[in-house]
Amino acid sequence: MSTKRDIRALSKEEIILFFEEVGQKAFRGKQVYEWLWSKGAHTFDEMTNISKETRNLLAAHFVINHIAVDYFQKSNDGTIKNAVKLHDGLIVESVLIPTKSRTTACVSSQVGCSLDCSFCATARLKRMRNLNPDEIYDQVVAINKESNLYFNRPLSNIVFMGMGEPLMNYKNVMLAIEKITSPEGLKMSPKRITLSTSGVPKMIKMLADDEVKFNLAVSLHSAIQETREEIMPFAKKFTLDDLKESLIYWYDKTKRRISYEYIVWKGINDSQEAIDALVRFCCYVPCKVNIIEYNPIDDGIYQQATKEAIEKYIYTLEKNRIPVTVRRSRGKDIDAACGQLANKQ
Ligand code: SAH
């Protein structure tokens, strides 16, 4: 691997400073920054409004690390899964999910995952490393290109629901979102971005303090402490009480409602007691519940609950005026659905 610095790890100010130090105009720095981020240059030679001499100077000091889509698979429902190779050879997956009116990018934030949800394939990979801001940003750029190419429209939404726990890679995820939303990046509205977390209370409070403008989704799956610990062992440390407190804090500061992701499994959370606990949890802050179809990842320890059990959830939530939607799996045939991302290739 090269010992030269990755120029994309530098802020705009740092690039400008580099030019000032070598006796060139600050303006050059701005031009280079634009090439790196809004124009997505992979080589210095692509920077055609920069002199050959300056390009050589840059190449002598820096490299441009970037991701490469190693291979991609297309599901029969139109979903596309990318295996994304990072500069050090590690691989993460990202998914493009098309519907009639939108294209959503589902992006990864870590190689593997810091947490240990027992129903999720990614959790079994363990965390290898955090993704850099540019590696997160590049996944979005790649999916935007695919959306234009295959669906004739730009990307409309982004969800941080790929591999990893975004709040365990807080700084880099924030920097990536800053670039995605900035005029020098992709100019996307934060309202079209959703960060999904397994529920790290301290970090949810930090999001609120940082006054972020994107949406928050929490993978709740159970509002009973004991059950949640069973399916998400990290919940012993990040308890429902602390989660509740952090969500109240989030709502007080942002005034934006929260989405709870919820899978209903046979024999785990399909009882009336589980439904009642969820309804009580939903009273703490304005929210909606998104019931997710379970995508089996193993030999059947976990099984999706019956249609009747799910309907009971919907009925009870609606009776209590809690908005509820059911999300059908997309891209199941290519292992691109929620919880299935595990670099099987
Ligand atoms: N770490 C984050 C984001 C990645 S997982 C989080 O937990 O929210 C994205 C969503 O997929 C989460 O709601 C997660 O609980 C869900 N999920 C994990 N495994 C799944 C599976 N096998 N079937 C369906 N959804 C799953």
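When reading the values below, keep in mind they use all heavy atoms of this one structure, side chains included, and skip hydrogens, waters and symmetry mates. Just so you know, ligand 1 is whichever comes first in the structure, and atom 1 is the first atom listed for that ligand. For clarity, every value in this text was computed on a predicted model and none was experimentally measured.
Val279 and Ile263 fall within a single hydrophobic cluster, where Ile, Leu, Val, Met, Phe, Trp and Tyr are joined by side-chain heavy atoms under 4.5 Å apart, directly or via other members.
When heavy-atom distances to ligand 1 are checked against 4.0 Å, the residues falling inside are Phe119, Cys120, Phe160, Met161, Gly162, Gly164, Glu165, Ser196, Thr197, Ser198, Ser219, His221, Glu261, Ile263, Ile292, Glu293, Tyr294, Asn295, Ile297, Cys338, Gly339, ordered by chain and number.
The environment of CZ in Arg129 is crowded: more than 12 heavy-atom neighbours from other residues, nucleotides or ligands sit within 6.0 Å.
Checking Gln139, Glu146, Gln73 one by one against Asn82, the side-chain contact (heavy atoms from CB on, under 4.5 Å) holds for a single residue, Glu146.
When every heavy atom of Thr79 is checked against every heavy atom of Ala336, the shortest pair comes out as CG2-CB, 4.2 Å.
Residues passing the ring-ring contact (aromatic ring centres under 6.0 Å, His included) test with Phe44, sequence neighbours excluded: none.
If you look at Phe27 and Phe19, their ring centroids are not closer than 6.0 Å.
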